[in-house]
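Because the structure is a prediction, the values reported are computed rather than measured.
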Amino acid sequence: MTPRKGRPDDRVGAPFVLALAFSESPTPAGHGAVVICNIVMTRNPSIWSVFAALLACLAAAAAGPQQRQDLDREFQAAVAQYDSGHYAEAAAKLENLVREAPESFEVHELLGLVYSAQSQDAKANEHLMKAVHLKPDSAPARTNLAANFARLGKFELAEEQFKKAVELEPRSFDTNHNLGESYVRSGKVAAAAPFLEKAQQINPSSYDNGYDLSLAYIQISRLAEARRLIQDLLKRKNTAELHNLLGEVEEKDGKFVPAANEYEIAAHMDPSESNLFDWGSELLLHRTLGPAVEVFQQASDRYPASQRLMIGLGMALYARGNYDDAVKSLLKAADLNPSDPGCYLFLSKAYDSSPSQADEVIQRFRRFAELQPQNSRALYYYAMSLWKGKRAQDSSLDLHQIESLLKNSLALDPKLAEAHLQLGNLYSDQNKYSGAIPEYLHALGLNPDLADAHYRLGQAYVRTGEKGRAQEQFQVYQRIREQHLADLDKQRAEIRQFVYSAKDSPSAKP
């Protein structure tokens with residue numbers, strides 16, 4: 001489950017955001033106190049009345065009236081500095097005050113908030129823990145400490161504090177929302193749902209909570225509830241991200257047409273790289289190839305630095321049979337991020353059907369192999385790029401180099417069935433059937449559905465006089481080919497794997 005699009009997430013523990021609010025205080029009635037609000041509250045106007053609080057804190061020290069007034073002014077000055085974003089100045093004043101009033105809940109809480117605003121989370125933790133110790137029944141204080149733990153990466157401790165905040169205020173939107181978010185961040189989506197549900201019941205108009213609850217429903221396959229909630233949120237706030245999320249619901253529910261429609265609406269409302277990719281991918285997944293090509297073409301024109309859009313365009317062109325154009329698009333994708341293996345599988349397939357751009361393709365695969373010499377597929381792709389399209393005609397073709405690359409690829413990954421198949425083919429083309437047959441058998445041991453391996457093994461058996469075995473292999477080959485959709489299903493699986501991995505990978509985005 002990923003955070004809502006557009007939500008700040010640049011620090012550990014995001015989206016926990018510290019702000020200011022009021023809560024009840026151990027000071028006399030009618031006097032406010034500085035606290036840090038939970039992660040969903042917005043910043044309130046500063047109306048600070050803390051003289052009585054400081055008076056109580058300093059009474060034991062028998063401070064005189066003038067000293068108490070001076071300290072009160074210092075505290076209010078610190079509040080003003082914090083309000084205006086002058087955190088260093090606020091910290092300096094509060095560091096002096098905490099020495100004068102070491103048992104003041106308000107001073108420790110505000111100092112913790114100031115340090116947090118400066119991203120000094122370790123220093124903040126000391127004072128936020130002290131504030132909780134001084135006022136253990138304060139849900140906001142527990143929430144502040146939890147948010148700080150989250151930013152420090154101490155998620156179990158954060159979860160513990162969020163739980164205590166819920167125990168203190170079980171009917172609070174904030175405490176339920178925060179605990180739900182904490183579970184989400186820990187990957188405990190099923191545990192998050194009840195608390196996000198409770199928060200939504202308390203405040204049905206909350207957009208962020210509703211969005212996150214919808215995400216949780218999707219993750220735990222409660223699609224009907226996710227659909228109803230998103231549709232309700234759309235009535236309150238019609239946004240592109242909600243339409244995109246509804247598209248995800250419909251896609252997971254197997255409803256392609258409604259999914260494509262929602263992704264299209266989202267892309268028209270907000271033609272972001274992400275929304276355009278989702279729309280084009282949905283069309284590609286379900287082989288609506290003409291519109292998919294059009295969407296990816298326009299999207300890649302708008303976002304020329306997006307590798308995944310360029311790959312999507314190449315895949316759509318390849319699926320439609322435009323192999324030359326597919327190769328061109330995938331070459332561009334390879335140049336956008338030469339070390340990313342995402343495009344090379346599809347470039348290899350497109351090149352297999354359109355070897356006319358051999359020199360450019362070989363150059364890309366050579367570069368990929370040089371960048372990733374320990375990547376078995378990089379070596380395999382390079383070997384195949386050298387071999388394809390000019391196996392018999394090119395006198396400069398170095399079969400020993402190709403054999404070496406395939407063997408090195410298998411040394412890195414002995415389970416790469418395609419490499420065994422192609423090494424067998426290389427031997428067969430040189431009439432080395434004693435070497436080819438074991439490679440075909442290796443390939444079929446790893447993947448018995450490789451139709452070409454059965455066919456080439458049958459041919460090798462014919463050449464070695466084993467006609468009975470050859471006939472068995474030809475029969476298996478024919479049976480696999482008669483399934484018709486096997487190749488199409490494989491292509492769909494490869495497309496689906498690319499789409500889902502590209503959606504989940506921030507590095508794929510420009």
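- Side chain to side chain, Thr239 and Tyr207 meet the donor-acceptor criterion of an N or O pair below 3.5 Å.
- One finds the CG atom of Asp208 at 8.0 Å from the CD atom of Glu181 (value rounded to the nearest 0.5 Å).
- Separating the CD atom in Gln307 from the CG atom in Asn337 is a distance of 5.0 Å, to the nearest 0.5 Å.
- Atom CD of Gln219 sits about 12.0 Å away from atom OG of Ser214, to the nearest 0.5 Å.
- Looking at heavy atoms from C-beta onward, Leu246 lies in side-chain contact with Leu234 at the 4.5 angstrom threshold.
- The two residues Pro338 and Leu371 come nearest to each other via the heavy atoms CB-CD1, 3.6 Å.
- The shortest side-chain heavy-atom distance between Lys188 and Glu159 falls under the 4.5 Å cut-off.
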* **Pair Phe162-Thr143, side chain to side chain contact (heavy atoms under 4.5 Å, CB included): steps then yes or no** => CA-CA 6 Å; Phe162 281 130; Thr143 298; 3.9 Å; yes
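- A donor-acceptor pair under 3.5 Å is absent between the side-chain atoms of Arg142 and the main chain of Asp137, judged by distance alone.
- For Tyr82 and Tyr87, the gap between ring centers is short of 6.0 Å.
- Contact annotation: the side chain of Leu229 approaches that of Leu233 to within less than 4.5 Å [non-hydrogen atoms, C-beta and beyond].
- Using a 4.5 Å cut-off on side-chain heavy atoms (C-beta onward), Tyr115 and Glu95 make contact.
- Nearest heavy atom pair, residue Ala316 against residue Phe296, reads CB-CD1, 4.4 Å.
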* Begin from the C-alpha positions of Asn209 and Asn203 and carry the test side chain to side chain contact (heavy atoms under 4.5 Å, CB included) through to its verdict. => CA-CA 9 Å; Asn209 187 85; Asn203 182 7; over 6 Å; no
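- With Ser329 contributing its side chain and Leu313 its backbone, the two residues share no donor-acceptor pair below 3.5 Å.
- The two atoms that bring Ala78 and Lys93 nearest to each other are N-CD, 3.8 Å, heavy atoms only.
- The distance from the CZ atom of Arg151 to the CG atom of Asp121 is 4.0 Å, given to the nearest 0.5 Å.
- For Ser306 and Glu273, the side-chain atoms include at least one donor-acceptor pair closer than 3.5 Å.
- Between the side chain of Ser182 and the backbone N or O of Asn178 there is no donor-acceptor pair closer than 3.5 Å.
- Side-chain contact annotation: Glu197 with Tyr217, donor-acceptor N/O pair under 3.5 Å present.
- In this structure, Phe195 and Tyr183 have side chains that are in contact, with non-hydrogen atoms separated by less than 4.5 Å.
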* Output, in order, the C-alpha distance, side-chain angles, deciding distance and verdict of side chain to side chain contact (heavy atoms under 4.5 Å, CB included) for Leu336 and Lys332. => CA-CA 6 Å; Leu336 287 170; Lys332 291 179 182 178; 5.6 Å; no
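- Here the closest heavy-atom approach between residue Gln161 and residue Ala146 is recorded as CB-CB, 3.5 Å.
- Residues satisfying the ring pair (Phe, Tyr, Trp, His ring centres under 6.0 Å) test with His268, not counting sequence neighbours, are Trp279.
- Minimum interatomic distance between Leu416 and Leu410 (heavy atoms only, all atoms of both residues): O-CD2, 3.6 Å.
- For the atom pair CG (Asn176) and CD (Gln201), the distance works out to 9.0 Å, reported to the nearest 0.5 Å.
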* Before giving the answer on side chain to side chain contact (heavy atoms under 4.5 Å, CB included), spell out for Ile230 and Val249 the whole-Å C-alpha distance, their side-chain angles and the decisive distance to 0.1 Å. => CA-CA 9 Å; Ile230 296 169; Val249 171; 3.7 Å; yes
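- Side-chain contact of Thr288 with His286: a donor-acceptor pair under 3.5 Å is absent, judged by distance alone.
- Electrostatic pairing of Arg236 and Asp232 counts as a salt bridge here, judged by a charged N lying under 4.0 Å from a carboxylate O.
- Rounding to the nearest 0.5 Å places NE2 of His133 at 7.0 Å from CD of Glu103.
- Put simply, the side chain of Asp340 gets close to the backbone of Gly342: a donor and an acceptor are under 3.5 Å apart.
- The closest side-chain heavy-atom distance from Glu264 to Val295 is not below 4.5 Å.
- Considering every non-hydrogen atom in both Ala165 and Thr175, the closest pair reads O-CG2, 3.6 Å.
- A donor atom on one side chain and an acceptor atom on the other are found under 3.5 Å apart for Asn144 and Glu109.
- Inter-residue side-chain proximity for Gln200 and His177 is flagged as unmet; no heavy-atom pair is nearer than 4.5 Å.
- Side-chain atoms of Ser409 come within 3.5 Å of backbone atoms of Ser376 as a donor-acceptor pair (strictly under, hydrogens ignored).
- Checked against the 6.0 Å centroid threshold, Phe365 and Tyr344 count as a close aromatic pair.
- Side-chain N/O atoms of Asn244 and Glu248 include no donor and acceptor closer than 3.5 Å.
- At a threshold of 4.5 Å between non-hydrogen side-chain atoms, the residues Phe75 and Glu106 count as touching.
- Residues Glu160 and Lys164 are paired through a salt bridge, judged by an N-O separation under 4.0 Å between the basic side chain and the carboxylate.
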